[in-house]
Number of protein chains: 2
Amino acid sequence: MRRSAEETRRHILDVAGDLFYSRGVRAVGMDLVIGTAGVANATLYRQFATKDELVTAYLVTRNEDWWRRLREATAAAPGPRARIEALFALTRQDMATPGYRGCATLNVTSEFPDEGHPAHAAAVAHKTEVQTWLSEQLREAGDANPDDTAGKLLVILDGAQVLAAAMATDTPGDHMIQLAEQLLDARLPAPA
Amino acid sequence: MRRSAEETRRHILDVAGDLFYSRGVRAVGMDLVIGTAGVANATLYRQFATKDELVTAYLVTRNEDWWRRLREATAAAPGPRARIEALFALTRQDMATPGYRGCATLNVTSEFPDEGHPAHAAAVAHKTEVQTWLSEQLREAGDANPDDTAGKLLVILDGAQVLAAAMATDTPGDHMIQLAEQLLDARLPAPA
DNA sequence: TTGACAAGAGAGAACGTTCCGTCTCATTCT
DNA sequence: AGAATGAGACGGAACGTTCTCTCTTGTCAA
């Protein structure tokens with residue numbers, strides 16, 4: 001079968017992403033990616049010069065996908081609080097999906113603690129963007145201290161994800177929703 | 001220099017533990033452990049038959065140490081709520097330590113997602129024990145639904161740890177303390 | 001007190017495997 | 001014709017692990 005270069009790249013990225021996410025990046029060798037993708041060795045290396053590059057691309061595209069999914073999930077939300085709630089609902093839904101292994105971004109920071117690693121940098125950048133997004137929504141919703149609340153929401157969000165992945169349960173998801181709602185109630189003024 | 005077998009074992013475990021924790025388990029090879037410990041190859045393998053065994057021993061002893069530290073930190077606590085607060089204070093303190101890399105247990109579950117792996121099992125067991133401990137304290141403190149509160153406290157605790165490690169900040173520590181206090185205030189009856 | 005002995009430590013070679021990455025070459029599609 | 005692909009050999013390094021061999025040390029019988 002013949003694919004365009006772009007299709008090939010995307011296909012490899014999909015396959016590699018699934019493997020990296022489910023088994024862990026370091027546990028997956030390039031040979032496995034190549035074999036699973038059904039692609040020639042040289043084909044992969046033409047698209048991604050090194051494994052680090054592939055890993056970074058995996059995280060970046062995954063985060064892009066996540067933003068797209070968030071945009072869709074928040075499209076119908078009437079206001080900032082509803083958008084935040086949509087984010088949590090989306091995460092809650094992910095956690096109930098079989099094969100859930102937590103936040104890919106956090107897993108990468110755990111596997112690549114070296115701050116100089118490009119994948120680590122991409123992970124940190126993503127988390128920062130999410131926090132900024134939360135803070136903006138909170139400000140718009142009338143929070144007097146949006147940065148503080150955003151940080152706390154992120155603690156709740158990530159804590160539930162890690163726990164759900166580690167314990168293979170989704171009860172942390174329920175706890176997450178309740179904690180977030182409680183925090184929003186305490187911080188946000190009642191809608192007019 | 002000559003050491004007893006027990007001393008050697010402990011020494012290897014200390015060295016391996018530092019390396020595993022700071023760089024990640026999979027990123028550290030046995031040669032590095034052997035070299036850093038200044039020990040002969042055969043000496044290590046006489047104490048730990050495989051790397052998996054070493055990793056599992058690392059996690060188990062680390063968790064034992066953690067319980068010991070918790071016991072010390074809670075020794076002077078006048079009641080169950082103070083004991084819980086001591087746990088959070090201890091974690092808060094760890095997070096401010098240079099070289100902090102998050103919860104070793106969670107890092108292991110992230111690096112070894114395979115549920116059959118003994119280190120993974122040890123990690124899950126530890127998290128379960130902590131949750132049970134929290135639940136017991138809460139029940140003693142008069143919480144009407146201690147399991148639920150314990151689950152939420154764990155979400156807060158682990159979320160802050162992961163975030164602090166990923167972002168190399170300790171502000172999640174402050175958020176953690178505040179969230180925990182707020183939750184305890186809401187759940188626990190005022191002391192008589 | 002001496003001396004033999006077992007246990008364990010040290011040094012390091014070597015094994016087979018896996019890893020990442022390079023390369024060649026025939027084939028296939030446009 | 002030309003560019004990209006599949007198949008796969010290949011190299012060098014790192015991996016986990018086994019092995020041999022020497023040397024030190026503590027123990028215990030003679």
Side-chain angles (χ1 to χ4, degrees), chain A residues 1-59 108 111-114 116-120, chain B residues 1-59 107-108 111-114 116-120 122:
Chain A
M1 203 224 311
R2 193 64 182 281
R3 270 184 291 248
S4 79
E6 200 51 46
E7 283 169 344
T8 303
R9 187 185 164 88
R10 184 76 207 179
H11 172 64
I12 293 171
L13 217 39
D14 283 347
V15 169
D18 288 348
L19 289 170
F20 286 160
Y21 181 71
S22 63
R23 305 196 194 183
V25 174
R26 292 202 117 105
V28 170
M30 294 298 266
D31 289 354
L32 181 61
V33 174
I34 289 163
T36 308
V39 103
N41 189 321
T43 304
L44 186 152
Y45 276 98
R46 202 173 300 120
Q47 296 295 335
F48 307 96
T50 69
K51 184 179 182 181
D52 280 352
E53 205 172 305
L54 178 60
V55 174
T56 308
Y58 146 67
L59 195 60
V108 164
E111 279 199 279
F112 298 92
D114 176 15
H117 196 288
H120 184 103
Chain B
M1 204 224 313
R2 193 64 184 284
R3 271 183 290 249
S4 80
E6 200 52 45
E7 283 169 344
T8 303
R9 187 186 163 90
R10 185 75 208 178
H11 172 63
I12 293 171
L13 217 41
D14 283 347
V15 168
D18 288 347
L19 289 170
F20 286 161
Y21 181 72
S22 63
R23 305 196 195 184
V25 174
R26 292 203 118 106
V28 171
M30 294 297 266
D31 289 354
L32 182 60
V33 174
I34 289 162
T36 307
V39 102
N41 191 322
T43 304
L44 186 153
Y45 276 99
R46 204 173 297 121
Q47 296 296 336
F48 307 95
T50 68
K51 183 178 183 181
D52 280 352
E53 206 172 303
L54 178 60
V55 173
T56 308
Y58 146 66
L59 196 60
N107 289 338
V108 164
E111 280 199 278
F112 298 92
D114 176 15
H117 196 287
H120 184 103

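Order of the sequence lines sets the chain letters (A, B, ...), proteins ahead of strands, with each chain counted from 1. Owing to the predicted nature of the structure, the values given are computational and were not obtained by experimental measurement.
- Regarding contacts with the backbone of C:dA9, a side-chain N or O of B:T8 is found under 4.0 angstrom from either OP1 or OP2.
- Near DNA chain D, meaning a heavy atom under 4.0 Å away, the residues from residues 29-36 of chain B are B:G29, B:M30.
- Closest contact between the side chain of B:T50 and the listed nucleotides C:dG21, D:dA7, D:dT17 involves D:dT17.
- With contacts defined as side-chain heavy-atom distances shorter than 4.5 Å, the pair B:V55/B:T50 does not qualify.
- In this structure, A:R46 does not reach the D:dA4 phosphate: none of its side-chain N or O atoms is under 4.0 Å from OP1 or OP2.
- Between the CG atom of B:N41 and the C1' atom of D:dC21 there is a distance of 14 Å, given to the nearest Å.
- Atom pair A:L54:CG and C:dC20:C1' shows a separation of 12 Å (rounding to whole Å applied).
- The distance between atom CD of B:E53 and atom P of D:dT18, rounded to the nearest whole Å, is 11 Å.
- When each of C:dC20, C:dA9, D:dT5 is scored by its nearest atom to the side-chain atoms of A:Y45, the top-ranked nucleotide is C:dC20.
- Of all nucleotides listed (D:dA7, C:dA9, C:dA11), D:dA7 comes nearest to the side chain of A:A42.
- Rounding to whole angstrom units, CZ of residue A:F48 and P of C:dC20 are separated by 15 Å.
- The closest donor-acceptor contact from the side chain of A:E111 to the backbone of A:R26 lies under 3.5 Å.
- Between B:D14 atom CG and B:L19 atom CG the span is 11.0 Å, to the nearest 0.5 Å.
- When each of D:dT17, C:dA9, D:dG6 is scored by its nearest atom to the side-chain atoms of B:K51, the top-ranked nucleotide is D:dT17.
- Listed for the B:R23 side chain is no donor-acceptor partner under 3.5 Å among the backbone atoms of B:V28.
- Nucleotide D:dA4 holds its P atom 15 Å from the CZ atom of A:R9, rounded to whole Å.
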